[in-house]
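Here's the structure we're looking at; comments come further down.
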Amino acid sequence: MADTSFLDWPFFEPHHKTLALDLHNWASSALPAITEAPGAHENVDNTCRKLVNALGEAGWLRYCVPAAYGGMFETLDVRSLAVIRETLARHSGLADFAFAMQGLGSGAISMFGDERQKKAYLPAVAAGEKIAAFALSEEDAGSDAAALSTSLVLAGDHYAANGEKLWISNGGIADFYTLFARTGEGSKGVTAVIADADASGFSVTERIDVIAPHPLGRLAFDDCRIPAANRLGEEGDGFKIALATLDVFRTTVGAAALGFARRALDEATGRALSREMFGARLADLPLAQEKLAEMALDVDAAALLVYRAAWTKDVKQKRVTSEAAMAKLYATDQAQLVIDKAVQLFGGLGVRKGQKVEELYREIRALRIYEGASEVQKIVIARQHLDRFVKGME
Ligand code: COS
């Protein structure tokens with residue numbers, strides 16, 4: 001493993017360092033057999049299922065759920081989630097994706113579910129036996145999540161769900177979806193329910209190909225029957241449940257971006273040390289050194305914001321809307337720049353298919369869009385800042 005000195009920062013406990021090293025060793029030996037197997041790139045559904053199974057069997061998915069339901073800690077430890085995403089992303093974008101979606105897709109159940117719901121879903125998520133998904137976005141409701149129009153109407157002991165969800169990760173392979181839909185007006189009229197993939201009236205109507213392939217789909221709910229007992233919290237709690245879940249997982253998107261950026265820096269450094277140019281090593285040229293310096297700086301600055309947010313949530317146990325938004329915004333935007341510089345240092349080879357930096361260049365792009373685009377994070381940060389400023393004046 002490359003430089004791990006950041007794990008000595010005061011944000012971490014000794015078990016976080018052990019986790020990073022153990023996971024790195026596991027990922028080095030276990031992942032290539034899955035991600036580089038013949039046909040693995042063509043059939044991402046199958047690869048993803050295998051990754052979820054392997055992550056479950058090895059015990060890594062236990063970090064996605066609370067201890068009482070087969071998990072590792074009493075409540076989700078965001079630093080562990082971030083360390084895991086960073087480490088997996090450094091090895092494989094798809095492995096990080098498979099891990100992350102188990103957490104995001106079940107996070108609302110861990111945090112807001114009742115006893116029956118937790119028992120029914122979380123142990124299977126931790127074991128890698130049930131695949132989870134988070135269904136919030138729609139064609140006309142992405143950044144403006146409160147504009148969603150999928151409806152939920154209570155009829156006896158069931159809800160009837162009607163509408164469409166778009167850009168849903170794991171759409172098509174998930175066993176259940178944490179679904180956000182409308183039971184009333186505005187952001188206070190959103191309700192969260194658990195929709196099983198085998199519910200009548202549910203279908204996946206489109207599979208979406210993207211630049212860094214992973215399972216992604218459009219979902220249709222056509223009088224889909226969802227037991228009222230699958231509602232998370234009360235009617236109208238859904239928007240806050242979605243945003244509180246995102247507060248936890250946005251930090252980990254930053255961590256994944258950090259993993260991509262660290263890998264790009266590793267690759268670029270290796271290249272700069274071995275490439276001869278103008279009678280010297282690329283690494284001896286001032287222009288290349290400038291790039292490496294900027295990359296190293298951006299990686300450390302992103303890591304500080306990511307682990308500040310994770311530590312604040314874990315240790316201070318307070319709402320981290322602003323810290324999580326800063327971590328996601330900075331780490332994803334900077335990772336894009338770091339990876340772009342790595343491609344540049346590779347020259348023509350950097351854009352050749354099959355090169356790691358070429359893969360990273362495609363992998364990073366969606367992270368600046370999903371779970372709140374960079375622009376949304378700026379809205380969130382500005383609102384929180386103004387709020388604090390005004391309160392400070394009172
Ligand atoms: N945790 C808990 N509650 C929160 C919250 C958070 N992080 N953020 C906001 N809320 C609450 C607010 O306090 C408010 O409740 P009250 O009216 O009781 O005060 C309510 O939720 C509505 O908040 P707000 O008025 O800020 O909502 P907006 O519709 O203006 O939305 C943004 C604000 C843009 C920040 C929100 O829509 C968002 O995050 N969008 C991006 C969504 C996203 O990530 N989409 C991708 C889907 S996952 S791939």
Side-chain angles (χ1 to χ4, degrees), residues 76 78 85 96-97 100-108 110-112 132-150 163-171 174 177-192 208 210 212 214-219 232-254 256-257 309 312-313 316-329 332 365-388 390-391:
L76 299 183
V78 186
R85 289 203 64 181
D96 164 61
F97 169 85
M101 288 317 302
Q102 290 299 91
L104 179 66
S106 68
S110 293
M111 290 189 273
F112 301 97
F134 185 82
L136 175 64
S137 300
E138 298 183 1
E139 184 106 50
D140 297 317
S143 291
D144 184 6
L148 60 84
S149 66
T150 296
E164 274 196 340
K165 292 283 170 186
L166 189 58
W167 313 118
I168 305 306
S169 290
N170 277 347
Y177 297 81
T178 300
L179 170 69
F180 299 89
R182 185 160 294 296
T183 47
E185 295 295 309
S187 64
K188 292 193 169 34
V190 176
T191 297
I208 305 164
V210 281
H214 65 273
L216 190 70
R218 180 194 292 268
L219 318 178
L232 294 165
E234 300 300 322
E235 277 199 5
D237 286 352
F239 197 63
K240 288 188 184 183
I241 290 177
L243 292 181
T245 308
L246 288 168
D247 275 356
V248 169
F249 288 95
R250 276 180 181 160
T251 300
T252 76
V253 179
T312 307
K313 179 75 181 167
K316 295 291 172 189
Q317 299 196 339
K318 64 183 197 68
R319 189 169 149 181
V320 288
T321 304
S322 176
E323 291 88 342
M326 285 188 183
K328 189 199 180 254
L329 171 66
T332 57
R365 192 61 187 86
L367 276 65
R368 294 171 58 211
I369 299 171
Y370 71 57
E371 288 181 47
S374 294
E375 293 73 12
V376 165
Q377 308 310 333
K378 287 180 187 167
I379 296 174
V380 171
I381 295 164
R383 282 185 185 180
Q384 294 275 312
H385 169 73
L386 291 167
D387 223 35
R388 276 200 299 267
V390 170
K391 279 192 185 123

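What you see is a predicted model, and the numbers here were worked out from it, not measured in a lab. Atoms within a ligand are numbered from 1 in the order they appear, just like the ligands themselves.
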Ligand 1 atoms in contact with Ala145 (distance to a heavy atom under 4.0 Å): 37 (O), 42 (C)

Taking atom 39 (O) of ligand 1 as the reference point, the nearest protein heavy atom with its distance: Arg250 NH2, 3.2 Å

Validation row, ring centre Phe134 to ring centre Phe180 under 6.0 Å: yes

Protein non-hydrogen atom found under 4.0 Å from atom 46 (C) of ligand 1: yes

Enumerated ligand 1 atoms positioned under 4.0 Å from heavy atoms of Ser187: 22 (C)

Closest to atom 26 (O) of ligand 1 among Arg383, Glu375, Lys378 (heavy-atom distance): Arg383

Part of Val380 with heavy atoms under 4.0 Å of ligand 1, whether side chain, backbone, both or neither: side chain

Top protein contact for atom 29 (O) of ligand 1, by heavy-atom distance: Ala146 CB, 3.7 Å

Residue, atom name and distance, where the atom is the protein heavy atom closest to atom 49 (S) of ligand 1: Glu371 N, 3.3 Å

Glu371/Arg250 ion pair, N-O < 4.0 Å: no

Atom 7 (N) of ligand 1: nearest protein contact (heavy atom, Å): Asp247 OD2, 2.9 Å

N/O donor-acceptor pair under 3.5 Å between Arg182 side chain and Gly184 backbone: yes

Lys328 side chain vs Gly372 backbone, donor-acceptor pair below 3.5 Å: yes

Contact partition for Phe239 relative to ligand 1, non-hydrogen atoms under 4.0 Å: side chain

The one among Lys240, Gln384, Glu138, Gln377 that brings a heavy atom closest to atom 18 (O) of ligand 1: Lys240

Side-chain donor or acceptor of Thr191 paired with backbone N/O of Gly236 under 3.5 Å: yes

Numbered atoms and elements of ligand 1 in range of Leu136, under 4.0 angstrom, heavy atoms: 47 (C)

Salt-bridge criterion met for Asp387 and Lys391 (N-O under 4.0 Å): yes

Identity and separation of the nearest protein heavy atom to atom 17 (O) of ligand 1: Lys188 NZ, 2.6 Å

Ile379 and ligand 1 - part of the residue with a heavy-atom distance under 4.0 Å: neither

Interfacing atoms of ligand 1 (cut-off 4.0 Å, heavy-atom, Ser137): 46 (C), 47 (C)

Residues Arg218 and Glu139 bridged, charged N to O under 4.0 Å: yes

Any donor-acceptor pair under 3.5 Å from Asp96 side chain to Ala256 backbone: no

Donor-acceptor contact below 3.5 Å, side chain Glu164 vs main chain Thr150: no

Side chain Ser143, main chain Val376, donor-acceptor under 3.5 Å: no

Lys/Arg N to Asp/Glu carboxylate O, Lys240 vs Glu234, below 4.0 Å: no

Side-chain H-bond candidate by donor/acceptor type, Arg368 with Thr332, under 3.5 Å: no

Ligand-side contact atoms (ligand 1) for residue partner Val376, heavy atom cut-off under 4.0 Å: 38 (C), 39 (O), 40 (N), 41 (C)

For atom 10 (N) of ligand 1, closest protein heavy-atom neighbour: Leu243 CD1, 3.7 Å

Proximal candidate to atom 38 (C) of ligand 1 [heavy atom criterion; set Gly372, Ser143, Ala373, Ala242]: Ser143

Heavy atom of the protein closest to atom 13 (O) of ligand 1 (residue, atom name, distance): Arg319 NH1, 4.3 Å

